[in-house]
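Inspection log for the structure reproduced underneath, given as structure tokens.
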Amino acid sequence: MTNTLALAARLRELPDDALAEVLASRVFRRTGVTDFFDLADALLDRESLQRALSALDRPRLAVLVTLGRASGSGAVAVDPASVAAALADAPATAGPTPEVARAALSSLEDLLLVHPEGTTFAAYEAVREQLASWPALGLPAPDALVATPAPPALAPVPDTERRFTDRLAGERAFEAVASVSELLAELTREGARELQKGGLALPASKRIAGALAVDVAVVPTVLSVAHRAGLIALDDGLWLPTDAAAAWQHEPTAQRWRDLARSWQDALPDDLRSILASRSRAVWGDSLRDHVAWLYPAGREAAQERVTAYTRDAEWLGITAGHAPSTAGTALVEHGPDAAATVIGAQFPAEVDRVYLQHDLTVVSPGPLEPAIDARLRGLADVESRALAATFRVSAASLNRAIAAGETAESIRKFLSGISLTGVPQPLDYLISDAAARYGRVRVSETGDAESRTRAAIVSDDLELLTTIEVDQTLGPLALTRVAPERLESRFARDVVFWALSDARYPVAAEDAAGTVVSLRRHRVARATSPRAGSPLTELIARLREAEVTEDGTTQEQWLARQLDLAIRAKQTLIVQVAMPDGRLVEYLLEPTGVGGGRLRGRDRAADIERTLPLSSVQGIRPAEE
């Protein structure tokens, strides 16, 4: 009989790290758990077991059914070879090898659903009972779990359809890279707040959708792909780019897509990865859903939600089109992201490194710009329209931001003349000179004045301009106060005041404590968060260990008493090993009836007599094989 007693002993012997790892794989109640027996009870509770069984695929469920059948035929534990032989003709498993059976048993062992006994395994009695109750829950009976074959897969996608699929996938892949790039630019300008219940607030979603020129419904997909690739992260509830984002934006487009596709593939759960590998050339739509519903008979809804999330992102990334793998998608599944990037790159439009600078201060690219040029141009101009031929607009405010970030009039002219097909128009040249001359007419510095509670000062020799700033209603939140004809003060930090003035299109410069003009970058990245030192599981394990220690530091007698108490309640027969005065070890087949006063009382089933044994002489107990 494999039950709570065996599981409690197994849990107690595990090192803390291993115990935390196996407990993390299970959902169980933690209230009322004061020792390892309570923990074993919680893990063998019907609700906890059902959660664990619902997450199992059909091959592992078939292994559990096989262990249950072995128990019913009188075998307490069986080895992997016997399991493989029993499932050799099972339609649900396609004849597993002993190695495959061993891997399944090991997985079930890690989930605390089967008990290892040397090289053999046995299912816990509560697990067998829970599987047997499935028909009453509207789930397949144990025999049906083994006897039902998988639904057939669809035929491979024809070559004529694949050509259409590849064209559509190439367009989607290129657009996906552009959208993630736009997302990073928008989050660099202004982060997006995450709601406590999850997801973005509607205003933030609409703002991002407008910046990306996509429907609001697409925003969660873009966030999901960028987050999975490590390009954005939550920092104090705010979505921001990470340090990796800047380097990613300067990579060639095919390489940027490779990074997105690699992160998608790396995040695939092992079971879904295996399914997709077997269907790398077949449609992933309804056929895939039917297979997942068969594979997870008790958890089909959760499994299909996972499939939906990953196939949705695959469609958006161009890994599939119309739920059929593109050539790049097939290469990704079969050969990896580098091979896939080579294939998809051939579908992308050629990138350009030259633009048209126009007299109306717009910049028009005749095609998709090379990433490095696009990134720098965004620092000098605002994006007006985004398509294969994008349009930017240079303004005094955009040039002021560029100069604040470290550009000079000379560096701006050199860059623009180097990429222009039309030279630098005279209006643009005048604007650059004017922006450089005006830069610094308004200066913002830190005050460090604790007494007045001001943190930043705005200083300008242009009193008229300073008055305009003072009465500007858009700057009202800064709570500006005139303390001298040429000086305004604010209780906000210098950088906050600087960017508010910059956004309001004032020629503002930032100064350090010594009065030297410094360059500021608005780019805020998500800070890496370190994991908390403690966790609920480690705290639970620490309490269980502490509960075992008695005043004199011994635990053996307390442990035996708890085991025996559990066996008495379950009316379980035990094999009790007792040390005799002459040094011999004697085993009794005992049905315990009581524990107290340091003694064990029970009926000797072999001799049919009552025995009383001192607990101090008991060297070990184990369930009798029945």
Side-chain angles (χ1 to χ4, degrees), residues 2 7 10 21-28 43-44 46-72 75 77-117 119-135 137 139-151 268-278 291-304 306-307:
T2 309
L7 179 56
R10 176 185 167 194
E21 185 175 348
V22 296
L23 292 181
S25 67
R26 292 285 302 274
V27 177
F28 60 95
L43 290 166
L44 295 178
R46 291 179 63 89
E47 183 177 348
S48 177
L49 285 178
Q50 186 58 35
R51 283 176 174 268
L53 294 172
S54 295
L56 294 182
D57 54 25
R58 194 175 288 258
R60 286 184 292 176
L61 288 170
V63 170
L64 279 178
V65 171
T66 302
L67 294 182
R69 289 172 175 172
S71 176
V78 295
D79 59 17
S82 299
V83 171
L87 294 174
D89 298 322
T93 59
T97 64
E99 290 73 21
V100 171
R102 184 178 293 107
L105 287 165
S106 178
S107 171
L108 295 169
E109 176 189 352
D110 292 341
L111 289 170
L112 304 174
L113 297 175
V114 302
H115 191 77
E117 298 179 9
T119 58
T120 62
F121 298 84
Y124 291 107
E125 184 178 3
V127 175
R128 299 196 297 268
E129 292 174 352
Q130 186 63 27
L131 274 178
S133 72
W134 272 22
L137 303 176
L139 298 173
D143 288 344
L145 290 173
V146 179
T148 306
L268 284 173
D270 290 340
D271 56 344
L272 188 54
R273 186 193 305 271
S274 176
I275 295 171
L276 297 183
S278 66
H291 184 84
V292 169
W294 169 86
L295 188 62
Y296 292 94
R300 63 179 64 188
E301 188 172 322
Q304 288 190 339
R306 285 189 299 151
V307 170

Exercise answer: donor-acceptor pairs, residues 48-60 side-chain atoms, under 3.5 Å, sequence neighbours excluded:
from: S48; atom 1: OG; to: R26; atom 2: NH2; distance (Å): 2.9
from: S48; atom 1: OG; to: V27; atom 2: O; distance (Å): 2.7
from: Q50; atom 1: OE1; to: Q130; atom 2: NE2; distance (Å): 2.9
from: Q50; atom 1: OE1; to: W134; atom 2: NE1; distance (Å): 3.0
from: Q50; atom 1: NE2; to: S54; atom 2: OG; distance (Å): 3.2
from: S54; atom 1: OG; to: Q50; atom 2: O; distance (Å): 2.7
from: D57; atom 1: OD1; to: R60; atom 2: N; distance (Å): 3.2
from: D57; atom 1: OD1; to: R60; atom 2: NE; distance (Å): 3.2
from: R58; atom 1: NE; to: W294; atom 2: O; distance (Å): 2.9
from: R58; atom 1: NH1; to: A144; atom 2: O; distance (Å): 3.4
from: R58; atom 1: NH1; to: L145; atom 2: O; distance (Å): 3.4
from: R58; atom 1: NH2; to: W294; atom 2: O; distance (Å): 3.1
from: R60; atom 1: NH1; to: S107; atom 2: OG; distance (Å): 2.8

Do P142 and V146 have side-chain heavy atoms sitting under 4.5 Å apart?
-> no
Sorted by chain and residue number, the salt bridge (charged side-chain N to carboxylate O under 4.0 Å, His left out) partners of D143 (sequence neighbours excluded) come out as R69
For A293, all residues meeting side-chain contact (heavy atoms from CB on, under 4.5 Å), sequence neighbours excluded | R300, Q304
By side-chain contact (heavy atoms from CB on, under 4.5 Å) - contacts of E21 (at least two apart) = none
How would you list, by chain and number, every residue that makes a side-chain hydrogen bond (donor to acceptor under 3.5 Å, both in side chains) with S274, sequence neighbours excluded?
-> none
So, do L112 and L43 sit near enough that their side-chain heavy atoms are less than 4.5 Å apart?
-> yes
Indicate yes or no for a side-chain donor-acceptor contact from T93 to the backbone of P96 under 3.5 Å, with no hydrogens or angles considered.
-> no
Partners of E109 by side-chain contact (heavy atoms from CB on, under 4.5 Å), sequence neighbours excluded?
-> R10, V114, P116, F121
With sequence neighbours left out, what residues match R306 under salt bridge (charged side-chain N to carboxylate O under 4.0 Å, His left out)?
-> D271
Could you tabulate the donor-acceptor pairs under 3.5 Å formed by side-chain atoms of residues 80-87, not counting sequence neighbours?
from: S82; atom 1: OG; to: D79; atom 2: OD1; distance (Å): 2.6

Close side-chain approach of T66 and V63, heavy atoms under 4.5 Å = no
Residues forming a side-chain contact (heavy atoms from CB on, under 4.5 Å) with S25, sequence neighbours excluded | L111
